[in-house]
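Contents: one structure, followed by commentary.
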Amino acid sequence: MGYLNFCVDKFGPLAAITWDWFLEYYGEKYNSFITQKAAKEMGKNLVLGAAAHVAYDEEEDHSSMMTEMLSSVIKNENDLKLAITHINQFVPMVGEYFNSLKQT
């Protein structure tokens, strides 16, 4: 959140929209698998909320919505390069999150 706040203050909303796009893209690719795996390991009753969220995102097609939104704010090559820079920062942060979960 600190990275996002800093970037929004410095560069405007592109960082936040890129983050939201990244979450929806990642979610579309992996959340169903992660939720199914968690249900298998921990029990379906412990992932009901996550499963409902996955179903809602799919039903509302949040990934496409965020792709359209991100496309609308990338106005030039500099915006695209900045969005890619943000994504390159986000990916390791998500990795750190999952490493932290694993250690817990």
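Here the OG1-CD1 distance, from T18 to I74, works out to 6.0 Å after rounding to the nearest 0.5 Å. Rounding to the nearest 0.5 Å places SG of C7 at 7.5 Å from CG of L82. Atom-to-atom distance recorded for L4:CG and M1:CE is 5.0 Å, nearest 0.5 angstrom.
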Check residues 92-104 and write down every donor-acceptor pair under 3.5 Å in which the side-chain atom is one partner and the other belongs to a residue at least two apart or another chain.
from	atom 1	to	atom 2	distance (Å)
N99	ND2	G95	O	3.4
T104	OG1	S100	O	2.9

Donor-acceptor contacts under 3.5 Å from residues 63-71 side chains, at least two apart:
from	atom 1	to	atom 2	distance (Å)
S63	OG	E28	OE1	3.0
S64	OG	D61	OD1	3.1
S64	OG	D61	OD2	3.0
T67	OG1	W21	NE1	3.1
T67	OG1	S63	O	3.0
S71	OG	T67	O	2.9

Per-pair distances, 0.1 Å, donor-acceptor, side chain in residues 34-44, under 3.5 Å, sequence neighbours excluded:
from	atom 1	to	atom 2	distance (Å)
T35	OG1	N31	O	2.7
Q36	NE2	S32	OG	3.2

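Applying the ring-ring contact (aromatic ring centres under 6.0 Å, His included) criterion to Y30, with sequence neighbours excluded, gives Y26.
Side-chain heavy-atom separations under 4.5 angstrom define the hydrophobic clusters, and Y56 shares its cluster with no other residue.
One hydrophobic cluster, built from ILVMFWY side chains closer than 4.5 Å, holds both F22 and F33. By the criterion of side-chain heavy atoms lying less than 4.5 angstrom apart, applied directly or through intervening Ile, Leu, Val, Met, Phe, Trp or Tyr residues, V8 is not grouped with L23; the two fall into different hydrophobic clusters. In the hydrophobic cluster analysis, where Ile, Leu, Val, Met, Phe, Trp and Tyr join through side-chain heavy atoms closer than 4.5 angstrom, F6 is grouped apart from I84.
Within the structure, the side-chain hydrogen bond (donor to acceptor under 3.5 Å, both in side chains) test picks out the following pairs touching residues 78-95 (sequence neighbours left out): Y3-H86.
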